[in-house]
Amino acid sequence: MLPYRELSDAAARAIDDSRASLQYGTPEYQIKESIVELMRMREVECHINEVFLTTGAQQALSLLVQLLLPSVSRSVLVEEVVYPGFRQALEPFNPRLVPVRTDFVHGLDIEAADWAIRQSRPKPTLFYTTCVGHNPLSLTMSAGAHNGLMELLCRHRITVIEDDVYGLLQYENRAVPPLRALSKDGVVYVGSFSKILAPSLRVGWIVAPPKYIAALSALKEGSDINTATLSQRIIASYIERHSLSSRLNILRDNYRVRRDTMHRELLCELDGIAQWQKPTAGFFMWLHGVGLGDTTKLLSTAMKRRVDFVPGTAFSVARSQRYRSTMRISFSHCPAEAMREAVVRLAASIRDHQPRRAA
Ligand SMILES: Cc1ncc(COP(=O)(O)O)c(C=O)c1O
């Protein structure tokens, strides 16, 4: 799904058109303008001076943790299962993590979050979430739940790092806007070109209140000086000739087919053995059920059959046994024609594994 030919042409033009592509450089204005446009598609009105370019969403998370985690009393509210890259960004600061129970069907439990915040000493001041196309749970919270969550976080004065890297990849008619659409000051937004153009470009962005931008610039310069000029020029050159909106439509149409095919094949092969939700956004499905056995052990059996997944415990903040029989599988990587074979191999691996479990 990566636009190989278009990016290859864009790269050639970027180098041919200007030797400055090979130099250190400042953020490209055109890219920021396109980001303002992408944010508008997400129902967020923002100004170009609130947009900050980063080396992928991952660097955005890392810089925001450095910026927003207080030097004392570090305490961060997270869901029980979380994108491991965020945990890695937190690790150097060793904060206290306040995990909140997340339901596999309904997502984050707002009452449980309220209780966890009240119990926690010190009180968390920061919360990280992916409300749309959650990685790994693949859930999208409803707009109504967004309101309840935002009300809770404002009441407790907790700043949100909202990771919306899958927000532009929603597959049903009505896209759910991000939390940032509800609060300008309480939410710092993270987006990325990784999922909509190519991850190797390593270009992402933050939308933050202007008061944060100077401090982010200082942190970023200390980290990697500037977001790779060549990548920026390739994106700028791509945008000059191609519409991002058409590209998004192509991605959504193709990923929707992959998602539907995977769902159908799972129903054929794993109905009664595992449960899952058909996701409305993102790249993943989250399988759970005792029939899966211990998925960490299952992985080596599956890899012998050349099918891959991530065991659910890899995402658990507390490495809880609750996730022993869970896994994240991805529909984004596998063409629809190969999906049947992938699911058949996964189901066969689960069957292979069962006698040994019984023994
Ligand atoms: C939820 C989430 N956030 C951030 C990232 C990192 O994205 P990037 O490639 O832009 O650094 C990923 C990548 O898989 C992701 O799934």
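Fair warning: this is a prediction, and the values are worked out from it, not measured in the lab. Atoms within each ligand, like the ligands themselves, are counted from 1 in listed order.
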Pi-cation contact, F104 with R322 (under 6.0 Å, within 45°): yes
Atoms in ligand 1 flagged as close to G56, the criterion being non-hydrogen separation under 4.0 Å: 10 (O), 11 (O)
Salt bridge present between R259 and E172 (N-O < 4.0 angstrom): yes
Heavy-atom gap R202 to ligand 1 smaller than 4.0 Å: yes
Polar contact flag for T130 and ligand 1 (N/O pairs, less than 3.5 Å): no
Proximal ligand 1 atoms for V165, defined as those under 4.0 Å from one of its heavy atoms: 1 (C), 2 (C), 3 (N), 15 (C)
Minimum-distance protein heavy atom relative to atom 15 (C) of ligand 1: Y83 CE1, 3.5 Å
Ionic contact status for R118 with D114, cut-off 4.0 Å: yes
Salt bridge flag under 4.0 Å for residues E43 and R174: yes
Protein contact of atom 13 (C) of ligand 1 - nearest heavy atom, named by residue and atom, plus distance: K195 NZ, 2.9 Å
Closest protein heavy atom to atom 7 (O) of ligand 1, given as residue, atom name and distance to 0.1 Å: A57 CB, 3.7 Å
Ligand-side contact atoms (ligand 1) for residue partner S192, heavy atom cut-off under 4.0 Å: 8 (P), 10 (O)
Neighbour count above 12 (heavy atom, 6.0 Å) for R241 CZ: no
Among N226, T55, T54, side-chain hydrogen bond (donor to acceptor under 3.5 Å, both in side chains) partner for K220: T55
Structural part of P199 in contact with ligand 1, heavy atom criterion under 4.0 angstrom: neither
Over 12 foreign heavy atoms within 6.0 Å of CD, E111: no
Sub-4.0 Å heavy-atom contact, Y166 with ligand 1: yes
Basic-acidic side-chain contact under 4.0 Å: D253, R256: yes
Polar atom proximity, N135 to ligand 1 (N or O, under 3.5 Å): yes
Residue, atom name and distance, where the atom is the protein heavy atom closest to atom 2 (C) of ligand 1: D163 OD2, 3.4 Å
